[in-house]
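See below for the structure under consideration.
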Amino acid sequence: MIRGSDGMASSSMNKVVIEDFVVVKVSQKGHITTTRPRSGKKKACDRPASRTTVRAPILPGSPAHTDRPYSRTTGRSSPIRLYPKSPTLISERVYSAYARSRPSTGKTIQSKSHTMTSATKSGRETSASFRPIDNAFIEVTKDVIGLSVWRIENKLKVVKIDEQEHGFFHEGAAYVVLKVDAEEVTSLHYWCGLACPESEAKLIEQKAHELDRILNYATLFSKETQSLESTRFLRLFPEGVIYIESKPKTTVSRAAAYIKSMYKVMGRKYIRAVCVEPSLDALDTSSACILDGHPRMYVWVGSHCPYSTRIRAINLAKKFRNMQRKGIAHIIVIDEKDENMNTAFLKKLPNGHTSLTNGHTSMTNVNHLEPGSVSGEGTENTVLHRVSGEKVMYDMPEASRCPLYHKYLVRRDSYLLDRGPNAPLYVWVGHQASEGGISNALLRGKAFCEHRGYPSTMTVCRLMEDHEPTEFKKNFYDWRETDTKRRQLTKKYSIGNIERALFSTKDNRTVAKMNEHWSDDVFPDGDPDTEVWRVQGDTLEQVPWDQHGVFTNGQCYIIRHRITEDDGNVHTVIYYWMGSKSPESVQQKTIDLVLDMNKAIGYKCVLVRVLDEKEPPHFMSTIQNSIIVYDEDLQDKPSDRQMYCIRELDNGSMRVQQVPASSEWLNTSASFVLTTPSACFLWYGKKSGGHEREYAKNLLGFLNPSRMYTFDIVTEGKEGNAFWHMMGPEIEHPKEFSQDKLERRPPRMVICHLDQGSQYKFQDIDNFTQQDLADANMFILDTFDLVYLWTGSTVNDAIRSQAYTIVKAYMQRDPAGRTFDTVRVWMTSQQDESETFTKYFRQWSTNGYCGQDKYDLARKRIRQENARIDVERQMVDRSHVNYPKHDYRLLLREEQPEDIDDQHKEFHLTDKQFFDVMRHRRVEFYRLPLWKQQQILKSTRLAYIPPATKPLSISTPNTQET
């Protein structure tokens, strides 16, 4: 009980209604007293500068909530003064938001027994309350690293579930999931099943916001729905998510009923197991199913099921066996191609014996895409909105459309990224955003979805600045990691852990070798052998060796470069150079010739597309670090005046480009050669280097040998009349060359699908490894400036011929707005990858792919594990034999004999009482999954309930201490 300064107790526990403002004092013994200062001149201790002043946050959704900071003149919210050394306040993040000139991120002052809030009622009347924290959240802090899950159970009570139940979600229940990692980065989610009652859905939302305030606002906070979970939520359960039918039962008759369950496994990287009715209709040739039998568990895989899904389905069955069967069950893997085993399995289904066709199902093959995944509909639906309130029409104006730039995100505001109804909705919150922008982010996102008519099951996620996932960053054209004062930007690593640091998913700090690791791509050293062909119609015309590196921008060229290492290994790289003015038909013919050349040598080449004026350093090294490009238009119209631009590239290579003889084509950062039948000039820009000038002199021996020793040198700003008479009128020219180069980013992996309508679909793979590469699929590794297309060994030739079309379709749907002509394209095949591709994987081995070998090995291990499990002996728990027997009604009393084990009350029942109470015999009961056993025990009130933790109480001080 808290007493006011007048000595009268308040009418409600832990709540004091105070006009204007109060002063809260805490004595050394922990007693709290409140006093109201008299009217008139304020004391020195009541001034804002003398004590730390805190504006208590308001509950999300409150009608009196405002995003503006506290204003002392308007009296909108009352400050509550607290002594920083109070033993009841555990948060060290004390702030004074109203004293600043700009909005600041509000922090909630919390204790283990209460959360401090304030809300405006009407006019100047305010109230402050100490709200008790739910008992389930008392021990929640950022210091406790790991995964925690809570569920709403009977009587709308929040209960923390055991670790063995992590990953099992009832379709009719609601959950709160919290993950805290070593960097104190918190991921908070609240999940609702499709059959969850509306009352529980509203309650779980309130509890999630309460937990969010306890954590001083989580780094990531999202609303999840069954079968439409985000990648960040599924990442918390790497072994998979299992949906259990209905909600936790409360009556014995309903809890005791159990029907043999079948789980349909869907997904690729993160799989879901959906509970369906056991029938032949549930089988799909492109997916897998798990049949939970007694005492065996059957894993059925379709003939077109990806090997990655098969292996993860087996691992999910292991999880179900270990978590719900105490590790006592046999797992039988049945392949659809095995007619004998498939026929025996189908007979176990209700309608399986009447619908057999040579032991195979009649389902058609469909593409294997995860539910809720984005297949890439383009960028026309990507819109960025600025969010300042709950009214969609007025408070959420459109900020920009694709392409989006990082500079659009201002730290003082909140922004909403809308990508249509089939993708998660992100609400980005800056570091300096108001407290209302943080606490109400999800509510505003939900209001936006309702206004647009999006499904109510759509995922809404709040993101904090500097903690954006890749799914969010990929929508921006120029995303760069911001350098902030809140974290250390550099860190020293030893040689032993440098590789681990480079691939850390938690550490955002940069290291010295990061740029080297993602530097420009190179090939191994060795004895080179280069051949060059010019594409002429349908044939190839070989270019003599002294003409290597001399191109025309109206044609295409093919360069085959072989590298023989000292150990005898041969690496073959095929470059195809595309002239900027070459016809599209010639470019397509060049691609066909390159693919045929690769097929002729068994797909053992690395194919590299090189665009005109975007030659990479490793390509320049194959043509002696020098390239001369003639202009097609100028060659068709010969002129007495010819001008060439000489510029040095970043790696020291030289590039010569023929340009029109006009002063507007001059550039301060390059050197130029101007030739006529009567004269020759070398023009040096002010910023041109010595290598460029020397190369211009040597170039005369190739362009016009007669003028090799008779030329005039002019520098920028000192040209004579003879030069301008030959060049023409002086026109202003650029000072620098435009740098239209994309920055390299952390890589993303995407799997390519081809559906029955010949439409391409693309699906991101989170936290990719080499095991995600399957020999029957094609994958794209995207580093933003470069796109790798990886092809499995079992992909047929018809699909391989569409490789170039697949990459073009992928770029057309790029969320960042890149074009196909701005990126470099590489193509490689399984077992012939270069180091430029394998360096992006944590580990790489010749047998690390996901395929038939891995699948056969997983089945072999399952058979070995089955041989060590004696189901008949280990299934039934016989510990009850040594326990004393008591009456069922005695076990329900609060005061029980000392010989009763609270954690296993069912052991004290006789066999007859056990059957009468549980509706199952002991042999049958222990063959049920653990989640079903817990349902029956809870319905009979025999389940173990840990003692509730009492919240910290605030003692009432006596009059003398006050």
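In this structure, P455 and P421 have side chains that are in contact, with non-hydrogen atoms separated by less than 4.5 Å. Residues Y408 and Y415 are not in side-chain contact: their nearest non-hydrogen atoms beyond the backbone lie 4.5 Å or more apart. In this structure the side chain of F820 reaches within 4.5 angstrom of the side chain of V807, judged on heavy atoms. Contact annotation: the side chain of D772 approaches that of K269 to within less than 4.5 Å [non-hydrogen atoms, C-beta and beyond]. With contacts defined as side-chain heavy-atom distances shorter than 4.5 Å, the pair W150/L211 qualifies. Between L178 and L215, the closest side-chain pair of non-hydrogen atoms falls below 4.5 Å. Inter-residue side-chain proximity for V159 and R151 is flagged as unmet; no heavy-atom pair is nearer than 4.5 Å. Under the 4.5 Å side-chain criterion, counting only non-hydrogen atoms from C-beta, V158 is not in contact with V176.
In this structure, C402 SG and N381 CG are separated by 10.5 Å, a value rounded to the nearest 0.5 Å. Atom CD1 of I290 sits about 13.5 Å away from atom NZ of K264, to the nearest 0.5 Å. Expressed to the nearest 0.5 Å, how far CG of L404 lies from CG of L417 amounts to 6.5 Å. Between atom NE2 of residue H431 and atom CE of residue M464 there is a gap of 9.0 Å, rounded to the nearest 0.5 Å. Distance check: I152 CD1 to L203 CG gives 4.0 Å after rounding to the nearest 0.5 Å. Separating the CG atom in L463 from the OH atom in Y426 is a distance of 6.5 Å, to the nearest 0.5 Å.
Of all the heavy atoms in P197 and G172, the pair that sits closest is CD-O, 3.5 Å. Among all heavy-atom pairs drawn from I271 and A313, the shortest one is CD1-N, 4.0 Å. Across all non-hydrogen atoms, the minimal contact from D478 to Y405 is OD1-CA, 3.2 Å. Considering every non-hydrogen atom in both G267 and T309, the closest pair reads O-OG1, 3.0 Å. Across all their heavy atoms, L416 and G445 have their closest contact at CD1-CA, 4.2 Å. Pairing each heavy atom of D181 with each of V185, the nearest pair is OD1-N, 2.8 Å.
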- How far apart are the C-alpha atoms of M811 and V825, what are their side-chain angles, what is the distance that settles it, and do they pass the side chain to side chain contact (heavy atoms under 4.5 Å, CB included) test? CA-CA 11 Å; M811 292 305 304; V825 179; over 6 Å; no

- Query: Between F221 and V429, is a side chain to side chain contact (heavy atoms under 4.5 Å, CB included) present by the stated rule, with each step listed?
  - Reply: CA-CA 11 Å; F221 186 22; V429 181; over 6 Å; no

- Message: D418 vs R452, test: side chain to side chain contact (heavy atoms under 4.5 Å, CB included). Steps then yes/no.
- Response: CA-CA 10 Å; D418 176 25; R452 290 298 179 91; 3.4 Å; yes

- Task: Carefully, step by step, assess F237 and F169 under the rule ring-ring contact (aromatic ring centres under 6.0 Å, His included).
- Result: CA-CA 12 Å; F237 308 96; F169 294 89; 5.5 Å; yes

- Item | I133 vs E210, side chain to side chain contact (heavy atoms under 4.5 Å, CB included): CA-CA, chis, key distance, verdict | CA-CA 8 Å; I133 298 177; E210 178 182 339; 3.8 Å; yes

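Of the residues V241, L236, I161, V177, the one that meets the side-chain contact (heavy atoms from CB on, under 4.5 Å) test with H166 is I161. L425 pairs with exactly one of M458, K446, K223, R419 by the side-chain contact (heavy atoms from CB on, under 4.5 Å) rule, that one being M458.
Ring centroids of Y263 and Y243 are separated by 6.0 Å or more, keeping the two rings apart.
Looking only at distances, no side-chain donor or acceptor of K142 sits under 3.5 Å from a matching main-chain atom of V180. A side-chain donor-acceptor contact under 3.5 Å links R462 to the backbone of I438. A distance-only check finds a donor-acceptor pair linking the side chain of T186 to the backbone of T219 [under 3.5 Å]. In this structure, E171 contributes its side chain and A195 its backbone to no donor-acceptor pair below 3.5 Å. For the pair W428 (side chain) and L409 (backbone), a donor-acceptor distance under 3.5 Å is absent. No side-chain donor-acceptor contact under 3.5 Å links T225 to the backbone of C192. A donor-acceptor pair under 3.5 Å links the side-chain atoms of E229 to the main chain of S227, judged by distance alone. Side chain of H209 to main chain of E205: a donor-acceptor pair is present (N/O by atom type, distance under 3.5 Å, no hydrogens or angles). Listed for the E468 side chain is a donor-acceptor partner under 3.5 Å among the backbone atoms of D466. For E224 (side chain) and S230 (main-chain N/O), a donor-acceptor pair under 3.5 Å exists by modelled atom type.
Within 6.0 Å of the NZ atom in K319, the count of heavy atoms belonging to other residues, nucleotides or ligands exceeds 12. More than 12 non-hydrogen atoms from other residues, nucleotides or ligands lie less than 6.0 angstrom from CD of E398.
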Identify all side-chain donor-acceptor contacts of residues 776-784 below 3.5 Å with residues at least two apart in sequence or on another chain.
from: N777; atom 1: OD1; to: R268; atom 2: NH2; distance (Å): 2.9
from: D782; atom 1: OD1; to: F784; atom 2: N; distance (Å): 2.8
from: D782; atom 1: OD1; to: R818; atom 2: NH1; distance (Å): 3.2
from: D782; atom 1: OD2; to: R748; atom 2: NH1; distance (Å): 3.4
from: D782; atom 1: OD2; to: Y810; atom 2: OH; distance (Å): 2.7
from: D782; atom 1: OD2; to: R818; atom 2: NH2; distance (Å): 2.6
from: T783; atom 1: OG1; to: D785; atom 2: OD1; distance (Å): 3.0
from: T783; atom 1: OG1; to: L786; atom 2: N; distance (Å): 3.4
from: T783; atom 1: OG1; to: L786; atom 2: O; distance (Å): 3.1

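Remark: K202 engages E198 in a salt bridge, criterion side-chain N to carboxylate O under 4.0 Å.
A donor-acceptor contact closer than 3.5 angstrom links the side chains of S222 and H189.
In terms of the side-chain hydrogen bond (donor to acceptor under 3.5 Å, both in side chains) criterion, R232 has no residue partners (sequence neighbours excluded).
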